[in-house]
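Data first, discussion second: the structure below is written as structure tokens.
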Amino acid sequence: MAPHIEKQCVVVLSNNDGCVVARSAEVKALGVPMGMPWHQMQELARQHRIVAYSSNYTYYGDMSRRVMSVLAQYSPDQEIYSVDECFLDLTRQPHIDLAVMGQSIRQRVKQWIGLPVSVGAGHTKTLAKLANHVAKKRTERSGVCDLTTLDAGATAALLQTIGVRDVWGVVRKIEERLVMQGIVTAADLRNTDPAIIRRNFSVVLERTVRELNGVSCIALEDAPPDKQQIIASRSFGAPVYELAQLAEPVRAYMTRAAEKLRRQHSVAGAVGVWIETNRFRDQDVQHHPSATVRLPESTADTLHLVHTAIGLLRRIYRSGHRYVKAGVMLTDIRPAALQQGSLFASASEATEKRARLMTVLDAATAKWGRGAIAPGTAGFSAPRAWAMKRAAMSPAYTTRWSDLPRVLA
DNA sequence: TCTGGGGTCCTAGGACCC
DNA sequence: TCTGGGGTCCTAGGACCC
């Protein structure tokens with residue numbers, strides 16, 4: 001999408017331009033680790049002319065949808081696992097040549113969307129992930145790796161070359177403990193008795209071992225399950241000291257959380273709020289209080305939820321602290337259709353009016369954007385110190401008219 | 001001065017029940 | 001001085017995912 005930065009040092013920054021969350025190969029070669037604070041590498045960035053972009057979720061979401069819709073053409077059984085990964089179940093097409101299909105996928109996505117992708121195939125999700133890792137890292141495989149056609153010897157040889165850390169579900173802590181027990185490669189892990197793994201680690205890792213052996217333990221999820229908890233939290237662009245100023249982001253975050261709740265047609269039975277000072281500043285007195293309250297009646301009503309959250313905020317706030325982050329959480333979530341009314345409150349006209357108001361609110365947000373209608377806030381025109389910093393946003397090439405790329409004839 | 005956000009699952013331990 | 005057994009539910013914290 002941005003040919004002018006190909007082969008350059010490029011990073012993408014987290015919210016508030018805080019940390020490096022994505023690096024081009026050139027930056028990885030400089031030894032910049034994932035999660036490095038951006039402000040700590042200004043000198044390096046100057047030396048190597050590293051180009052930094054603020055994260056642009058609208059743009060990534062749009063590109064993701066495009067890629068996923070291309071991939072869906074290859075199988076009706078698709079699980080969108082994350083913004084940049086999906087699983088396709090091909091067991092209903094048993095005679096297909098997966099290596100050929102993989103190349104077709106790569107070529108079509110490259111041509112239609114302009115993004116490079118890699119494709120891995122295996123008999124389980126864990127093996128498919130591992131194959132994908134191989135396809136991505138080993139350039140001689142031209143972006144595709146099919147483990148299903150390898151014989152036992154070739155598979156064992158390949159797994160012997162892959163560190164246990166590169167297996168899905170194994171991160172540093174587990175890796176250290178595995179290595180102490182002599183389990184170093186993916187092949188070692190595959191050959192370990194699942195019962196021993198269960199005893200020494202967990203059922204989660206036991207499933208991984210079985211999956212490495214071709215026994216499917218992790219099913220394809222074609223529809224994302226409803227969320228059991230919904231969190232909205234963000235660091236502020238600048239520190240906040242006053243209760244009135246903290247109330248603004250808490251209101252805004254809860255408004256978002258309530259939207260998500262209604263989108264999955266659920267209601268929440270409990271609300272939590274927390275605020276934090278900057279844990280990296282030794283010179284500050286630290287304060288990170290939180291509070292949770294059960295609602296008398298489950299609801300998805302923005303106004304109720306905001307009111308409750310502000311009440312909790314008042315309870316936990318202490319003056320004199322330098323707050324840099326706030327968050328809200330909705331839990332005890334259940335489908336709105338199963339909602340049990342409280343013993344004393346009848347499903348009154350007022351409740352129904354409120355529900356209709358929420359429908360209007362969601363429609364307005366969908367049409368005019370977030371903030372078009374918001375619960376009474378004291379912050380429309382005041383300078384919003386808490387608003388996120390995004391100094392180096394890439395253009396929203398596909399989601400904003402003014403940012404459409406121009407083609408010069 | 002500046003250090004991300006949003007999830008799930010599992011386990012252990014405490015409170016409580018019969 | 002002696003102090004069961006089996007179960008559920010809840011919470012906190014760890015570990016992991018992207």
Side-chain angles (χ1 to χ4, degrees), chain A residues 11-22 32-43 45 52-57 60-61 64 68 79-87 125-126 129 132-133 164-178 197-208 217-219 221 224-239 249 253 256-257 259-261 264 269-270 272 274 276-284 286 290-292 294 322 324-333 385-386 388-392:
Chain A
V11 296
V12 176
L13 304 176
S14 66
N15 278 349
N16 265 325
D17 295 342
C19 300
V20 171
V21 292
V32 173
M34 179 75 172
M36 176 141 197
W38 176 233
H39 72 91
Q40 284 176 8
M41 47 180 284
Q42 291 308 297
E43 189 48 43
Y53 286 103
S54 305
S55 33
N56 185 340
Y57 299 110
Y60 308 152
S64 175
M68 296 307 169
E79 173 185 342
I80 297 174
Y81 179 62
S82 72
V83 71
D84 65 349
E85 274 178 289
C86 90
F87 292 102
K125 285 164 94 174
T126 302
K129 284 273 277 185
N132 186 269
H133 171 82
V164 79
R165 174 68 193 270
D166 292 322
V167 175
W168 191 30
V170 179
V171 183
R172 208 188 60 248
K173 284 261 173 63
I174 300 283
E175 180 199 22
E176 286 168 6
R177 289 169 57 199
L178 284 171
I197 293 293
R198 175 165 201 154
R199 199 166 342 114
N200 295 346
F201 293 88
S202 66
V203 292
V204 182
L205 197 62
E206 180 196 6
R207 280 201 283 265
T208 301
C217 303
I218 306 171
E221 286 174 359
D226 281 350
K227 304 263 183 273
Q228 299 174 42
Q229 61 177 34
I230 293 172
I231 293 174
S233 81
R234 244 161 217 57
S235 304
F236 307 144
Y253 302 167
R256 287 223 55 186
E259 277 168 28
K260 287 192 201 169
L261 185 65
Q264 67 170 39
W274 71 93
E276 294 174 28
T277 49
N278 188 338
R279 65 182 193 281
F280 296 102
R281 282 170 59 98
D282 296 334
Q283 67 269 44
D284 287 357
Q286 296 294 315
S290 66
T292 305
R294 188 161 284 281
R322 187 179 185 279
V324 297
K325 184 174 181 176
V328 303
M329 178 157 53
L330 297 174
T331 51
D332 194 13
I333 290 174
W386 54 277
M388 205 197 306
K389 267 193 301 202
R390 289 200 286 193

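Note that the coordinates shown come from a computational prediction; the quantities given were computed from them, not determined experimentally. Chain naming here is simple, since letters A, B, ... match the order of the sequence lines and numbering starts at 1 in each. Computation of the quantities below employed the complete heavy-atom set of this structure, encompassing side-chain atoms and omitting hydrogens, waters and symmetry-equivalent molecules.
Sequence order on DNA chain B of the closest nucleotides to A/G237 and A/N15 puts A/G237 first from the 5' end.
Side-chain N/O atoms of A/Q42 include none lying less than 4.0 angstrom from OP1 or OP2 on B/dT1. Neither OP1 nor OP2 of B/dC9 sits under 4.0 Å from any side-chain N or O of A/S202. Contact annotation: A/S235 side-chain N/O to B/dG5 OP1/OP2 distance is under 4.0 Å. Taking 4.0 angstrom as the limit, A/N278 places a side-chain polar atom (N or O) nearer than this to OP1 or OP2 of B/dT3. Distances shorter than 4.0 Å separate none of the side-chain N or O atoms of A/R256 from OP1 or OP2 on B/dG6. Between A/W38 and the phosphate of B/dG4, there is no side-chain N or O to OP1/OP2 separation shorter than 4.0 Å. A close approach under 4.0 Å does occur between a side-chain nitrogen or oxygen of A/R281 and OP1 or OP2 of B/dC2. Neither OP1 nor OP2 of B/dG6 sits under 4.0 Å from any side-chain N or O of A/K325. Neither OP1 nor OP2 of B/dG5 sits under 4.0 Å from any side-chain N or O of A/K260.
A/N56 has its CG atom 16 Å from the C1' atom of B/dG4, to the nearest Å. In this structure, A/I333 atom CD1 and B/dG6 atom C1' are separated by 12 Å, rounded to whole Å. To the nearest angstrom, C1' of B/dG5 lies 15 Å from CG of A/L13. In this structure, A/R279 places its CZ atom 10 Å from C1' of B/dG4, rounding to the nearest Å. Rounding to whole angstrom units, CG of residue A/D17 and P of B/dT3 are separated by 10 Å. Remark: P of B/dG4 and CD of A/Q40 are 11 Å apart, rounded to the nearest angstrom. Atom-to-atom, NZ of A/K125 to P of B/dT8 comes out at 15 Å; the value is rounded to the nearest Å. Summarising the geometry, the separation between CD1 on A/I230 and C1' on B/dG6 is reported as 11 Å, rounded to the nearest angstrom.
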*How does protein reach along nucleotides 12-17 of chain B, written 5' to 3' as B (base within reach of a heavy atom under 4.0 Å), S (only sugar-phosphate), or - (no contact)?*
------

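Base engagement by A/Q229 is indicated by at least one non-hydrogen atom pair under 4.0 Å involving a base atom. Across all strands, A/V83 comes closer than 4.0 Å to no nucleic acid atom at all (heavy-atom distances). Contact annotation for A/A232: backbone-only contact, meaning every heavy-atom pair under 4.0 Å involves sugar-phosphate atoms and none involves a base. Heavy atoms of A/R198 sit nowhere under 4.0 angstrom from any nucleic acid atom. Within 4.0 Å of A/R207, counting heavy atoms only, lie sugar-phosphate atoms of the nucleic acid but no base atom.
Side-chain contact check for A/L178 versus A/I197: some heavy-atom pair is nearer than 4.5 Å. In this structure, the side chains of A/D282 and A/D284 stay at 4.5 Å or more apart for every pair of heavy atoms. Side-chain contact between A/I333 and A/Q228: absent, with no pair of heavy atoms (C-beta onward) separated by less than 4.5 Å. Between A/W168 and A/I218 the shortest side-chain heavy-atom distance falls below 4.5 Å. At a threshold of 4.5 Å between non-hydrogen side-chain atoms, the residues A/K227 and A/I230 count as touching.
Using modelled atom types, no side-chain atom of A/E175 and backbone atom of A/R165 make a donor-acceptor pair closer than 3.5 Å. Counting only distance, with no hydrogens or angles, the side chain of A/Q42 and the backbone of A/W38 share a donor-acceptor pair below 3.5 Å. Side-chain atoms of A/S55 come within 3.5 Å of backbone atoms of A/L13 as a donor-acceptor pair (strictly under, hydrogens ignored). Formation of a donor-acceptor pair under 3.5 Å by the A/R390 side chain with backbone atoms of A/N56 is not found in this model.
Nearest nucleotide to the side chain of A/K227, out of B/dG7, B/dC9, B/dG6: B/dG7. Considering only the side chain of A/Y81, C/dC18 comes nearest among B/dT8, B/dG4, C/dC18. Nearest nucleotide to the side chain of A/I231, out of C/dC18, B/dG6, B/dC2: B/dG6. Among the nucleotides C/dC18, B/dT8, B/dG6, the one closest to any side-chain atom of A/R234 is B/dG6.
Under the 6.0 Å cut-off for aromatic ring centres, A/Y253 and A/W274 do not qualify, their centroids lying 6.0 Å or more apart.
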*Can A/N16 and A/S14 be said to form a side chain to side chain donor-acceptor pair (under 3.5 Å), step by step?*
CA-CA 6 Å; A/N16 265 325; A/S14 66; over 6 Å; no

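Separation of the C1' atoms belonging to B/dC16 and C/dG4 is 16 Å when rounded to the nearest angstrom.
Relative to the axis of its first five pairs, the axis of the last five pairs of the helix from B/dG5-C/dC18 to B/dC18-C/dG5 sits at 0°, rounded to 10 degrees.
For A/R279, there are no salt bridge (Lys or Arg N to Asp or Glu O under 4.0 Å) partners, not counting sequence neighbours.
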